[in-house]
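Let me begin by presenting the structure, written as structure tokens, before commenting on it.
Protein chains get the first letters and strands the later ones, always in sequence-line order, with residue 1 at the start of each. Atoms considered below: every heavy atom in the structure, side chains included; atoms not considered: hydrogens, waters and symmetry mates.
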There are 2 protein chains.
Amino acid sequence: MATKLTIDDIARLAGVSKATVSRAMNGKPDVDPATRERILSIVEKEGFKPSATAVGLAGRSHLISVLIPSMASETYIFDILRGVADVVTEAGYELVLYSVNENAQDNNRNTVIDRILTSKLSAALLAILPGQLGGHIAQLYKPDFPIVMIDDSEPPSDKMPWVGVRNSEGARKAVFHLYSLGHRRIAHVTGPLQRLCSRERLEGYRSALADLGLEYDPALVVSGEFSAPSGHAAALPLFNLPADQRPTAIFAANDFMAYGIIDAAHSYHLRIPEDIALIGFDDTSSSVHMQPSLTTVRQPFYELGQTGCQLLFSLLEQSRSGRFQAYGKSFSSFATMHAKDFKQVAAMPAHIYLDTELMVRKSCGADLPVR
Amino acid sequence: MATKLTIDDIARLAGVSKATVSRAMNGKPDVDPATRERILSIVEKEGFKPSATAVGLAGRSHLISVLIPSMASETYIFDILRGVADVVTEAGYELVLYSVNENAQDNNRNTVIDRILTSKLSAALLAILPGQLGGHIAQLYKPDFPIVMIDDSEPPSDKMPWVGVRNSEGARKAVFHLYSLGHRRIAHVTGPLQRLCSRERLEGYRSALADLGLEYDPALVVSGEFSAPSGHAAALPLFNLPADQRPTAIFAANDFMAYGIIDAAHSYHLRIPEDIALIGFDDTSSSVHMQPSLTTVRQPFYELGQTGCQLLFSLLEQSRSGRFQAYGKSFSSFATMHAKDFKQVAAMPAHIYLDTELMVRKSCGADLPVR
DNA sequence: TTGTACGCGTTATCAT
DNA sequence: ATGATAACGCGTACAA
């Protein structure tokens, strides 16, 4: 059924005014418990859901805008998005998706962002914009419109709430693991160094070498572009080194470059992992299917989305003054989350770092005898 | 800037009433050209954008709801979504994303769908729901709320608008190609047969065999579940056949199963493509990176999303009575699309089939001498 | 051709 | 504790 039931209908059925119905549903304190109970049961029984548009017009939007890069071949965006979507849905909110063309001029970008701000459609913004795109969001910081950034962009300012991954730690896990397997000449193929995550992984690689007492050899560090072809290209100078200077292991700054390295190894008749051990970064969904299956540093993309979204809700909670109640029992899931998590959520720090996990598979040669 | 500019402000600046502003912006016929020009230029100059919420409340929602499965490990959903997002954005609409849990009870599903319908937030619905999920959408057909389904679900009724792929033709391309390379014992690993796309691919396989004068051998047809492990498992009975009955080529109903088959071949010390040629289906983004790179039947996922969305807009166009104009020059992109494409778009058929494309790579052995 | 007035569903404010 | 009323911003009959 579910037709054009309005708040007036409920008010009439309950014999009260619509104001009271609204109060009851939003958990305002000043409602007689008996009245509230009666109203909520009618709401429940009739299956009344407030019109999202009307709520929005009245300044209580239940929409969250989410920005993603449109060209993203990088499939992990989807995993982040799923995390976001699940939390948004759980909270009884809706998700409005905008895709931003990375190649477009600033103009285009700002158009989208303008639209989000001026349409006043949504209550907050979650930006999943890797690389340079993110910087442009920084200016948007307004006290009444919560924004959270997810991903590897540099936190543009101390004020901008931000969720990311401990890239440096992740890189260290990879290098330590290779060391434990007996490797001493460990190469690194970096990502584009204008991106913070690339620099952090490089930094982790270097600090791990230092901690292990290994010398940093510039000949063993090649930079790529996060794509498979660039990984292939980056592998060539390493493979062309004299056998006694050639690395016995490579840590690639992402999985796609590792794919390219596998391909290059084939051309050179080098076996992975017997001749060269390999570890990637990301745990892209296909990495487990590669031949050999790719050992990699897993980023918790789904959790990244969840966490970013929770942070956003906590900011929303702060900007609205402590309301945010559940819509009767029909939204009990949100009520639960609220009761359980909110005190601590409301105290969430502005910058959150999540941990990576080393996924040990075949390409690192963990099941081979230590060299 | 872009602040709280309302239609009243524009009206005041133009010295007319808000009604006239509204008419001018929506391309209503009964506005003096000079007045319209003046109003639009002011709109342009001030950068006025109507509040999306208010527009929605007034019954002119610019939101499109999109349903996707939440558990989708299947990354192609994201490609479809990008196609949808780009068309939606191009049209000056916004996209509201809902993820549906496949495993949840009907209850859960209907909750989401109910929310979409009763919140009256969006003007139309695009459902990207593979498999069984799709069936539930069928009942939703209402004349005033356009719905389009994308994907492999069976078109639930003649009335339900639907966009899909020519699965049978795609399968035929694979089999014909293998035949041209000299293969005569061609096996097929099917998807789950309760899904229409699996049955269609099987049907294409059989019809191609028939056309080529090859006998259909039930021993060469094994069913899988669209996952890599199921592909691995399905390969075993084929590899265990006596050498003279063993297939020389396998056509897998999707790429993930092909990955499993590659893995199984390793265990059996069978080389791909030298001993067994392999073709998959989908062109999942990682297939090009496999070792060997996977020859596969490409589905145009991005285009699927675009087309589905265009179909949806054409239905929207039908249900609103011939309006749908551009918002002055700021939305010129949509105006362009409108002028260029709409006549034909408005005549789009309810069911649309897109073509597949055979991507020839290494795994089929196309660069080997014909057997 | 243009203006007036109402409706959409909710929340805030001020009364009671 | 509850009610009445005024926004919120736009589209659109209906009137002029």
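Atom CZ in B:Arg60 sits roughly 18 Å away from atom P in C:dG7 (whole-Å rounding). What separates CG of B:Asp8 from P of D:dC8 is a distance of 9 Å, to the nearest Å. As a whole-Å value, the separation of B:Asp30 CG from D:dA16 P is 17 Å. A:Asp32 has its CG atom 22 Å from the P atom of C:dT16, to the nearest Å. Taking atom CE of A:Met25 as the reference point, atom P of C:dA12 lies 14 Å away to the nearest angstrom. Following rounding to the nearest Å, B:Ile10 (CD1) and D:dC10 (P) show an atom-to-atom distance of 9 Å. A:Lys28 places its NZ atom 7 Å from the P atom of C:dT11, with the value rounded to the nearest Å. Taking atom CG of residue A:Leu121 and atom P of nucleotide D:dC8, one finds them 19 Å apart after rounding to whole Å.
Considering only side-chain atoms of A:Arg23, the nucleotide from D:dG3, C:dT11, D:dC14 that sits closest is D:dG3. Minimum atom distance to the side chain of B:Thr20 is reached by C:dG3, of the listed D:dT2, D:dT12, C:dG3. Distance from the side chain of A:Pro50 is smallest for C:dT10 among the nucleotides D:dA1, C:dT10, D:dC10. Nearest nucleotide to the B:Ala19 side chain, out of C:dG9, C:dT4, D:dG3: C:dT4. Nearest to the side-chain atoms of A:Ser17 among the listed nucleotides C:dT11, D:dA4, C:dC8 stands D:dA4. Closest approach to the A:Val16 side chain among C:dG9, D:dG3, C:dA12 is made by D:dG3 (side chain taken as heavy atoms from C-beta onward). Taking the side chain of A:Ile7 as heavy atoms from C-beta on, and the options C:dG9, D:dT12, C:dT1, the nearest nucleotide is C:dG9. Closest approach to the A:Leu57 side chain among D:dA13, D:dG11, D:dG9 is made by D:dG9 (side chain taken as heavy atoms from C-beta onward).
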Could you check B:Glu94 against B:Ile64 for side chain to side chain contact (heavy atoms under 4.5 Å, CB included), going step by step and ending with a plain yes or no? CA-CA 6 Å; B:Glu94 326 286 359; B:Ile64 304 290; over 6 Å; no
Under the criterion side chain to side chain contact (heavy atoms under 4.5 Å, CB included), I'd like the reasoning laid out for A:Ser122 against A:Ile116: C-alpha separation, chi angles, the key distance, then a yes or no. CA-CA 7 Å; A:Ser122 56; A:Ile116 294 177; 4.0 Å; yes
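Note on ring orientation: taking the six-membered ring where Trp is involved, the planes of A:Tyr93 and A:Phe313 are perpendicular (angle over 60°, cut-offs 30° and 60°).
You'll find the side chain of B:Val66 reaches within 4.5 Å of the side chain of B:Ile68, heavy atoms only. In this structure the side chain of B:Glu44 never reaches within 4.5 angstrom of the side chain of B:Leu40, judged on heavy atoms.
Contact check, B:Ser51 against D:dG9: no side-chain N or O comes under 4.0 Å of OP1 or OP2.
Across all strands, B:Thr53 comes closer than 4.0 Å to no nucleic acid atom at all (heavy-atom distances).
Comparing A:Ala54 and B:Lys18 by the nucleotide of DNA chain C whose heavy atom lies nearest to each, the residue mapping closer to the 5' end is B:Lys18. Each of B:Thr35 and A:Ala58 was assigned the nucleotide of DNA chain C with the nearest heavy atom; the assignment lying further toward the 5' end belongs to B:Thr35.
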